[in-house]
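Worksheet: one structure, shown below.
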Amino acid sequence: MDNATLLEKLRCNIPPQQELQDAIVIDEVPKPGYVRFTVDVPTSFSNYHGGIHGGMAYFIGEIGCGFATYSLGFNNVCQTATINFIKAVPCCKVIVETEPIHAGRSTAVIRVTTRQAETGKLLFQSTHTMFLLGPIQD
């Protein structure tokens with residue numbers, strides 16, 4: 001699959017709301033399973049303290065593991081997920097990186113690490129077990 005087609009396939013994992021489409025930029029896919037992207041987290045996704053809402057943190061991880069699994073060539077759904085919240089910050093631009101821990105015949109385990117773009121500080125990290133539904137059709 002060529003790079004343009006791959007990026008198009010990855011973007012289909014982003015919900016259609018324009019605010020989310022505009023906020024997420026895929027920077028690179030250096031190799032299958034490894035995706036680097038940024039999210040400029042809108043303030044509409046803050047919690048009552050003004051920080052990035054935990055649900056938005058989970059959403060970022062879910063998008064990331066979907067990107068990673070698609071880049072491995074598989075349609076997928078999330079089977080289980082865990083998230084560790086490390087640092088609370090106001091809504092800001094974040095850098096997200098995925099790393100496959102396991103890629104088998106029926107499941108893949110993906111680690112998603114999210115850092116504050118400005119400082120590089122670790123904000124949250126999630127691990128997702130993805131059920132593989134079969135190869136992506138071109």
Side-chain angles (χ1 to χ4, degrees):
M1 183 180 317
D2 66 70
N3 197 47
T5 304
L6 175 60
L7 291 177
E8 180 182 325
K9 292 282 186 187
L10 295 183
R11 288 202 61 80
C12 78
N13 196 48
I14 303 170
Q17 291 82 359
Q18 196 61 51
E19 185 175 33
L20 296 172
Q21 288 283 323
D22 294 343
I24 299 171
V25 176
I26 302 167
D27 297 321
E28 66 176 329
V29 184
K31 57 186 176 178
Y34 295 83
V35 180
R36 184 176 191 275
F37 63 102
T38 59
V39 182
D40 195 357
V41 180
T43 56
S44 59
F45 290 95
S46 65
N47 59 27
Y48 63 94
H49 296 294
I52 297 174
H53 191 283
M56 183 62 177
Y58 178 84
F59 169 80
I60 290 169
E62 180 80 12
I63 292 295
C65 67
F67 285 168
T69 311
Y70 280 124
S71 78
L72 291 169
F74 293 98
N75 283 305
N76 59 82
V77 294
C78 186
Q79 193 170 6
T80 63
T82 61
I83 187 166
N84 291 304
F85 300 98
I86 311 298
K87 182 168 181 58
V89 295
C91 290
C92 61
K93 188 173 190 175
V94 297
I95 298 168
V96 187
E97 295 178 316
T98 69
E99 175 187 8
I101 305 304
H102 162 77
R105 289 178 306 185
S106 60
T107 62
V109 178
I110 309 294
R111 179 182 303 131
V112 182
T113 302
T114 304
R115 298 180 183 281
Q116 187 175 23
E118 186 178 331
T119 65
K121 289 184 179 180
L122 180 62
L123 302 179
F124 35 91
Q125 191 169 57
S126 56
T127 304
H128 303 253
T129 300
M130 305 300 287
F131 183 73
L132 305 178
L133 298 171
I136 294 174
Q137 303 298 317
D138 286 335

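By convention here, the first residue in the shown sequence is residue 1.
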Task: Gap between atom CZ of Arg111 and atom NE2 of His102 - 0.5 Å precision - done: 14.0 Å
Task: Working for side chain to side chain contact (heavy atoms under 4.5 Å, CB included), residues Glu99 and Thr113 - done: CA-CA 8 Å; Glu99 175 187 8; Thr113 302; 6.0 Å; no
Task: Shortest non-hydrogen contact between Ile26 and Arg11, atoms and distance - done: CD1-CG, 3.7 Å
Open item on the list: Rounded at 0.5 Å granularity, tell me how far CG in Leu123 sits from OG1 in Thr114.
Closed with: 7.0 Å
- [ ] Starting from the C-alpha separation in whole Å, work towards a yes-or-no answer on side chain to side chain contact (heavy atoms under 4.5 Å, CB included) for Phe124 and Ile60.
- [x] CA-CA 10 Å; Phe124 35 91; Ile60 290 169; 4.2 Å; yes
Task: Positive for side-chain contact (heavy atoms from CB on, under 4.5 Å) with Cys65, one of Val35, Val112, Val109, Thr127 - done: Val112
Open item on the list: Quick check for you: to the nearest 0.5 Å, what is the distance between Thr69 atom OG1 and Leu10 atom CG?
Closed with: 10.0 Å
Task: Same apolar cluster (I L V M F W Y, side chains within < 4.5 Å links), Phe45/Phe37 - done: yes
Open item on the list: Please determine whether the number of non-hydrogen atoms from other residues, nucleotides or ligands lying under 6.0 Å from atom CD of Glu8 exceeds 12.
Closed with: no
TODO: Show the numbers, then the answer: is there a side chain to side chain contact (heavy atoms under 4.5 Å, CB included) between Glu62 and His128?
DONE: CA-CA 8 Å; Glu62 180 80 12; His128 303 253; 3.8 Å; yes
Task: Co-membership, hydrophobic cluster, residues Tyr34 and Ile136, 4.5 Å side-chain - done: no
- [ ] Of all the heavy-atom pairs spanning Gly33 and Pro100, show the shortest one and how long it is.
- [x] O-CD, 3.3 Å
Listing, residues 72-86 side-chain donor-acceptor contacts under 3.5 Å, not counting sequence neighbours, or none:
from  : atom 1 : to     : atom 2 : distance (Å)
Asn76 : ND2    : Phe74  : O      : 3.1
Thr80 : OG1    : Thr129 : OG1    : 3.3

- [ ] Indicate yes or no: at least one non-hydrogen side-chain atom of Ile52 is less than 4.5 angstrom from one of Val94.
- [x] yes
Open item on the list: Applying side chain to side chain contact (heavy atoms under 4.5 Å, CB included) to Val89 and Lys121, what does each step give before you reach the verdict?
Closed with: CA-CA 10 Å; Val89 295; Lys121 289 184 179 180; over 6 Å; no
- [ ] Report yes if some heavy atom in the side chain of Arg36 is under 4.5 Å from a heavy atom in the side chain of Ile95; otherwise report no.
- [x] yes
Task: Whether Arg105 side chain and Leu132 backbone form a donor-acceptor pair below 3.5 Å - done: no
Open item on the list: Determine whether a donor-acceptor pair (N or O, by modelled atom type, separation under 3.5 Å) exists between the side chain of Ser106 and the backbone of Phe131.
Closed with: no
- [ ] Could you tell me which non-hydrogen atom of Lys87 sits nearest to which non-hydrogen atom of Leu122, and how far apart they are?
- [x] CB-O, 3.6 Å
- [ ] Please report the shortest heavy-atom distance between Cys91 and Ser46, naming the atom on each side.
- [x] SG-CB, 3.5 Å
Open item on the list: Keeping Gln21 on the side-chain end and Ile14 on the backbone end, is there a donor-acceptor pair under 3.5 Å?
Closed with: yes
TODO: Specify the closest pair of heavy atoms between Val29 and Ser71, including all atoms of both residues, with the distance to one decimal.
DONE: CG1-CB, 4.0 Å
Task: His53 side chain vs Gly55 backbone, donor-acceptor pair below 3.5 Å - done: yes
Open item on the list: Please tell me whether Tyr58 and Val41 are part of a single hydrophobic cluster in this structure, the criterion being side-chain heavy atoms less than 4.5 Å apart.
Closed with: no
Open item on the list: Any non-hydrogen side-chain atom of Pro90 less than 4.5 Å from a side-chain atom of Thr43?
Closed with: no
Open item on the list: I'd like to check Phe67 versus Val96 (side-chain heavy atoms, cut-off strictly below 4.5 Å). Are they in contact?
Closed with: no
